[in-house]
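As structure tokens, the structure follows; a few thoughts come after it.
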Number of protein chains: 2
Amino acid sequence: MKTDLTDRQKEILDFIVSFRTERGYAPSLRQIAKHFGIASTNGVKRHLDALTKKGHITVDNNISRGIVINRDEEEVVSYTDNFLSLPILGRVAAGVPIEANQYKEGSLVVDPAFIPSGNNCFALKVKGDSMIDAGIFEGDYLIIKQTNEVTNGDVVVAHLDGEVTVKYYSNRGGIVSLIPANKNYRPIVVGVDSQFSIVGTILGITRWY
Amino acid sequence: MKTDLTDRQKEILDFIVSFRTERGYAPSLRQIAKHFGIASTNGVKRHLDALTKKGHITVDNNISRGIVINRDEEEVVSYTDNFLSLPILGRVAAGVPIEANQYKEGSLVVDPAFIPSGNNCFALKVKGDSMIDAGIFEGDYLIIKQTNEVTNGDVVVAHLDGEVTVKYYSNRGGIVSLIPANKNYRPIVVGVDSQFSIVGTILGITRWY
DNA sequence: TCATATAGTGCTCTTTTGTTCACTACTAAA
DNA sequence: TTTAGTAGTGAACAAAAGAGCACTATATGA
């Protein structure tokens with residue numbers, strides 16, 4: 001349970017966060033001391049001890065720059081040490097390792113709390129409006145888990161005759177269909193002669209205005 | 001322009017990333033050396049020099065644990081040092097500083113590339129289906145910028161007679177309306193006697209399955 | 001008045017950590 | 001054969017950085 005911080009402790013925590021954001025690593029005791037005009041490293045250490053006790057940070061013993069900001073502290077807007085950056089892939093194919101993919105167009109930071117173990121995930125920008133009734137709009141980023149294990153009703157990314165498509169997956173009695181979520185499009189029955197494969201299933205969507 | 005890494009360089013970069021994810025701070029030269037069975041810190045330094053030259057990392061001079069992984073490197077799945085964690089607020093009111101808000105229900109990591117300067121943003125979980133035609137579904141997380149400067153057509157979070165609502169904003173000739181995006185709901189004309197205020201406007205949406 | 005908490009000081013010591021130099025060995029390309 | 005790049009070794013040195021102790025001053029509550 002996180003208890004209230006004193007004003008000074010809060011200042012110091014905010015400084016650690018902003019230093020870390022700016023520099024990419026945590027400040028040392030002496031850097032904190034210098035910023036606050038504190039002459040003694042022990043004075044800083046007292047504050048860090050208090051912040052640790054109150055659950056805001058973790059400091060490993062005798063490790064330089066070992067201040068780690070804990071996730072989900074009381075602070076309402078914060079930077080934490082837990083995040084995931086996924087590649088935005090412009091083209092995908094089934095079975096190709098993501099790492100071998102040469103069509104990375106950028107990266108997208110997402111909350112790893114929603115990503116299952118393993119890092120065979122990627123992001124894909126939506127083109128087209130065939131899935132708008134599922135709340136999937138053109139320009140959305142889909143977060144996709146690379147897999148070919150799908151269940152009826154899953155939203156999948158599939159490869160069909162050289163094209164990538166996002167649709168609901170349906171397999172009834174061995175007949176595979178890709179079902180749009182837009183009444184302006186018809187379901188696609190996957191012919192036995194089609195070049196068809198599942199690239200992955202949807203984990204989430206991110207849309208930015 | 002990032003050039004290809006040797007196998008060894010790639011291994012070392014991957015180690016730095018995973019160490020950093022696990023521990024919350026970068027490894028030291030000696031910790032890298034120990035992992036790879038390299039007896040000399042200079043051997044490690046050579047690799048770090050090469051990674052720096054190829055644009056994958058930045059190492060500040062004479063700074064302990066000063067290895068910073070650069071964003072958007074060639075690596076297709078990676079952890080970076082640039083992310084933002086927003087509070088998920090259960091209740092919001094106009095004009096109340098986010099930091100003073102006591103209804104934080106969790107946090108949501110988002111990509112800061114899509115967030116404008118300043119950190120008066122928060123996340124809100126959607127209840128209801130009044131905006132489904134705008135691709136906003138129950139359970140979605142909205143990323144909201146706290147502001148009362150709105151434009152016709154913006155999706156806003158508003159406070160109306162004690163309730164929080166998400167709707168399109170419309171102001172025609174001084175008559176303010178909140179327009180749903182679901183034909184099952186009627187537009188709300190904001191009466192002059194209503195307690196009404198704008199909490200913020202939408203920046204993005206995140207949905208997880 | 002006393003005890004406790006907060007916020008330091010001053011200093012020393014220990015440990016961690018990075019830099020540098022001269023060197024070896026191997027591989028590949030010119 | 002020579003040159004260049006890669007992948008180190010070994011060692012010393014310098015600097016950064018954390019830990020700990022005895023101490024002071026102030027404020028607050030019992």
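Just so it is clear, the values below take in all heavy atoms, side chains as well, and ignore hydrogens, waters and symmetry mates. Order of the sequence lines fixes the chain letters, A, B, ..., with proteins taken first and strands second; residue numbering starts at 1 for each chain.
- Whole-Å rounding puts the B:His35 NE2 to D:dG8 C1' distance at 17 Å.
- If you find the closest nucleotide of DNA chain D to A:Gly66 and to B:Gly43, the one lying nearer the 5' end belongs to B:Gly43.
- Atom OH of A:Tyr25 is separated from atom P of C:dT16 by 21 Å (rounded to the nearest Å).
- The residues B:Asp49 and B:Lys45 are annotated as salt-bridged, a charged nitrogen and a carboxylate oxygen being separated by less than 4.0 angstrom.
- Atoms CG (A:Leu5) and P (C:dT6) sit 11 Å apart, rounded to a whole Å.
- Nearest heavy-atom pair, A:Tyr169 versus A:Thr151, reported as atom, atom and distance to 0.1 Å: CD2-O, 3.8 Å.
- For A:Asn62, the listed nucleotide lying nearest its side chain is D:dA19; candidates were D:dA19, C:dT9, C:dG18.
- In this entry the distance linking CG of A:Asn61 with P of C:dT14 reads 16 Å, nearest Å.
- Regarding A:Asp49, its CG atom lies at a distance of 14 Å from the C1' atom of C:dA5, rounded to whole Å.
- Residue A:Asp7 is the one, among A:Asp7 and B:Ser64, whose nearest nucleotide of DNA chain C lies closer to the 5' end (criterion: closest heavy atom).
- A 6.0 Å sphere centred on CD of B:Gln195 holds no more than 12 heavy atoms belonging to other residues, nucleotides or ligands.
- Looking at heavy-atom distances under 4.0 Å, A:Asn42 makes contact with a base.
- Heavy-atom minimum distance, B:Ile179 versus B:Met131: O-SD, 4.0 Å.
- Using a 4.0 Å cut-off, some side-chain N or O of B:Gln9 falls inside it from OP1 or OP2 of D:dA7.
- The listed nucleotides are C:dT17, C:dA7, D:dA7; the one nearest the side chain of B:Ser28 is C:dT17.
- Between the side chain of B:Thr41 and the base of C:dT17, no donor-acceptor pair under 3.5 Å is found.
- Contact of A:Ser40 with C:dG8 (side chain to base): no donor-acceptor pair of N or O atoms is detected under 3.5 Å.
- In this entry the distance linking CZ of A:Arg8 with P of D:dT26 reads 17 Å, nearest Å.
- Rounded to an integer number of Å, the gap from B:Ile32 CD1 to D:dG8 C1' is 15 Å.
- Counting only heavy atoms from C-beta on, A:Arg65 has its side chain closest to D:dA16 among D:dA16, C:dT17, C:dG8.
- Looking at the side chain of B:Thr6, the nearest of the listed nucleotides D:dA7, C:dT19, C:dA7 is D:dA7.
- Residues A:Ile32 and A:Ile38 have side chains not in contact (no heavy-atom distance under 4.5 Å, counting atoms from C-beta outward).
- Among C:dG10, D:dA7, D:dG18, the nucleotide with an atom closest to any side-chain atom of A:Leu29 is D:dG18.
- Atom-to-atom, CG of A:Leu48 to P of C:dT6 comes out at 15 Å; the value is rounded to the nearest Å.
- The side chain of A:Arg30 sits closest to D:dG18 out of D:dG8, D:dG18, C:dG10.
- B:Val156 pairs with exactly one of B:Val199, B:Thr165, B:Leu178, B:Ile202 by the side chain to side chain contact (heavy atoms under 4.5 Å, CB included) rule, that one being B:Leu178.
- Of all nucleotides listed (C:dT19, D:dA17, C:dG8), C:dG8 comes nearest to the side chain of A:His47.
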